[in-house]
Amino acid sequence: MYMSQKILTKTVPILILATVVIITVSDFFITYDLLQNSAKVLAQWATIVSAFILLIGIINISHYRFSSLRKKVDTKEKLFSIWFLFLLGLTFILGVINIQDPTFTWLYGNYARWSSTVQSMLAFFIVAAAFRGLRARSKESVLLLIGGILILLSDMPLGGYIWSGFSDIGNWINSYPVNAGQTGLLIGAAFGAILLVLRLISGKERGFLGGD
Amino acid sequence: MVTLTSISQLVLLVIIIIIYYISTILSTSGKLSLKIRRLPAIDAMEEAVGRCAETGKPLVYTIGQGSISDTNAPMMLAGLTALGFVGEKAAKVGVKIKSVFGYAEEVLIAEGLLRDAYRLHGQDLEEGMVQYQSPQGYAWTAYVIGLIQREKPGANIMIGNTTGETMGVIESASMVGAIQIGGSTNPVMLPYMVVGCDYCLLMEEIFAIGAYISKDPYSLGAMAAQDYSRLLAIILLILGSVLSFFGINIIKTLLTIK
């Protein structure tokens with residue numbers, strides 16, 4: 001890689017990242033007008049850049065769908081591409097004409113129903129995973145199994161009919177061991193994130209910028 | 001406004017930075033000999049690529065839902081670092097990666113990473129290897145589930161900020177018999193990942209990917225700093241609990257975010 005290219009693709013992004021991180025973190029701790037205004041402007045820039053990049057995303061997916069129409073792919077894939085491009089075009093045109101248009105709001109409102117459908121499928125996925133996962137194969141999995149059964153009995157109406165104490169046991173498990181464990185995990189992850197940012201701004205972690 | 005809590009947080013941050021610099025200096029000068037423990041999930045990435053090469057199937061790679069321009073940035077960057085590593089391994093043996101993203105800025109980074117990796121091995125980045133889909137969680141999930149069912153990948157890797165979509169993607173990949181590697185910092189989703197994946201990176205382990213791959217003394221020093229910082233947190237927790245037991249709440253007051 002040429003020196004100038006390396007500066008442009010590696011050094012400049014790291015310098016921008018370091019500047020943004022230092023300004024934003026300093027603003028959190030120090031009350032100073034210049035810092036506050038700079039952090040606010042940077043946040044606005046991030047919003048504007050994200051909105052602009054969305055266009056690149058739309059171009060990426062439209063290009064892929066158009067090219068799949070030209071390629072020798074199976075009919076299902078072609079139909080999916082036609083359906084996708086039709087909906088993208090329709091939503092775009094209706095939205096540009098009038099965002100309050102009832103057809104547009106109906107179309108967009110449908111997303112909530114489709115989203116709920118996908119979400120409801122998760123219940124079946126969770127049951128299938130629990131069936132495979134909750135098996136007593138080792139000491140740890142026995143503990144997981146016992147914990148799972150107790151929480152199930154605590155949350156199911158059937159548990160309450162069998163013994164009213166299951167609810168208290170479930171509450172205790174969620175309030176103490178689960179809460180303490182999750183807090184511990186979060187503290188560890190927070191330190192991991194802080195140290196990753198330190199490695200990023202010192203230019204030592206450049207994996208996301210590609211090979212040298 | 002400067003408060004006692006913000007001062008104590010700043011002091012804690014400064015202590016972590018000092019620990020980081022001391023550890024990295026000692027490690028690079030050779031005064032601190034460090035070894036990173038084995039992380040089977042990272043070792044298994046090569047196995048996953050190998051499985052895809054043997055079966056001639058693609059590898060599906062996702063980094064979950066989150067943007068690199070918000071608080072999810074460290075997780076997303078860790079996921080992208082792992083994508084660069086997997087991309088190099090895949091390009092070497094000619095395995096096609098299918099990666100799907102919910103945010104366009106990640107598409108640009110992923111395209112750069114995979115293009116570099118495939119070019120290094122005399123191949124071009126094909127269309128559809130890096131795909132943008134909706135930032136809406138369940139729209140993205142529906143697409144990834146469909147992609148897995150259609151392509152029947154040999155491996156499914158998902159490292160990053162995994163949210164509600166995790167279970168759908170894991171179970172779909174399980175149905176087609178794909179080897180699965182997961183990694184997340186979301187404690188709510190982690191149990192699903194542990195149950196569903198063959199290998200799993202737990203919480204801060206995903207931030208160690210870069211250091212684990214490079215194994216250079218600087219990165220190992222940074223990893224040691226992570227452990228020392230955690231030790232500091234444990235000491236503060238124990239001290240805070242003991243003092244609170246005797247009715248002295250100074251540590252609790254200093255570290256409580258209002």
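Within every chain, numbering begins at 1; the chains are lettered A, B, ... in the order of the sequence lines, protein sequences first and strands thereafter.
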Select one option (side chain, backbone, both, neither) describing which atoms of [X] are under 4.5 Å from chain A's heavy atoms.
X	answer
B:Arg150	side chain
B:Leu13	side chain
B:Tyr228	neither
B:Ile19	neither
B:Thr24	neither
B:Ile17	both

Which one wins on heavy-atom pair count under 4.5 Å against chain A: [options]?
options	value
B:Met75, B:Glu111, B:Glu105, B:Gln131	B:Gln131
B:Leu80, B:Ile213, B:Ile16, B:Thr185	B:Ile16
B:Gly196, B:Gly84, B:Ala222	B:Ala222
B:Tyr192, B:Tyr103, B:Tyr132	B:Tyr132
B:Asn186, B:Val188, B:Leu108, B:Val107	B:Leu108
B:Ile170, B:Val195, B:Leu190	B:Val195

Quick check against the 3.5 Å criterion: does [X] have a side-chain atom that pairs as donor or acceptor with the backbone of [Y]?
X	Y	value
B:Ser172	B:Gln149	no
B:Tyr61	B:Ile159	no
B:Asn156	B:Gln180	no
B:Ser27	B:Ser23	no
B:Tyr218	B:Thr28	no
B:Asp124	B:Glu126	no

Minimum heavy-atom separation for [X] to [Y], with atom names?
X	Y	result
A:Val178	A:Asn174	CB-O, 3.7 Å
B:Ala82	B:Met45	CB-CE, 4.3 Å
A:Leu195	B:Ser229	CD1-OG, 4.0 Å
B:Ile63	B:Met76	O-CE, 3.2 Å
A:Ala189	B:Met203	CB-CE, 3.8 Å
B:Glu106	B:Phe101	CB-CD2, 3.7 Å

What part of [X] gets closer than 4.5 Å to chain B, counting heavy atoms only: side chain, backbone, both or neither?
X	value
A:Leu185	both
A:Ile194	side chain
A:Tyr111	side chain
A:Ser202	side chain

Close approach to chain A in residues 204-211 of chain B, criterion heavy atom under 4.5 Å: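 Within residues 204-211 of chain B, near chain A: B:Glu204, B:Phe207, B:Gly210, B:Ala211.
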If you count heavy-atom pairs under 4.5 Å between each of A:Ile126, A:Ile187, A:Leu144 and chain B, which one has the most?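 Option with the greatest count: A:Ile126.
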SB check B:Arg230 B:Asp227 (cutoff 4.0 Å):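 Looking at B:Asp227 together with B:Arg230, the answer is yes, because their closest N to O distance falls below 4.0 Å.
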So for atom NZ, which belongs to B:Lys215, do other residues, nucleotides or ligands contribute more than 12 heavy atoms lying within a distance under 6.0 Å?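 Above 12, so yes.
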Crowded around A:Asp33 CG? As in, over 12 foreign heavy atoms under 6.0 Å?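 Result for CG/A:Asp33: open.
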Under 4.5 Å, heavy atom to heavy atom: which of residues 47-63 of chain A reach chain B? Give them by number, or say none.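 At a heavy-atom separation under 4.5 Å, chain B is reached by A:Ser50, A:Ile53, A:Leu54, A:Ile56, A:Gly57, A:Ile58, A:Asn60, A:Ile61, A:His63.
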For the pair A:Ser154 and A:Ser167, evaluate side-chain hydrogen bond (donor to acceptor under 3.5 Å, both in side chains) and give the outcome as yes or no after the intermediate values. CA-CA 4 Å; A:Ser154 144; A:Ser167 172; 5.2 Å; no
Quick one: are B:Trp140 and B:Gln65 in side-chain contact, heavy atoms under 4.5 Å?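 Side chain of B:Trp140 against side chain of B:Gln65, heavy atoms only: contact under 4.5 Å found.
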I want to check something: taking the side chain as every heavy atom from C-beta on, are B:Tyr138 and B:Tyr143 in contact at a cut-off of under 4.5 Å?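 No, their side chains stay 4.5 Å or more apart.
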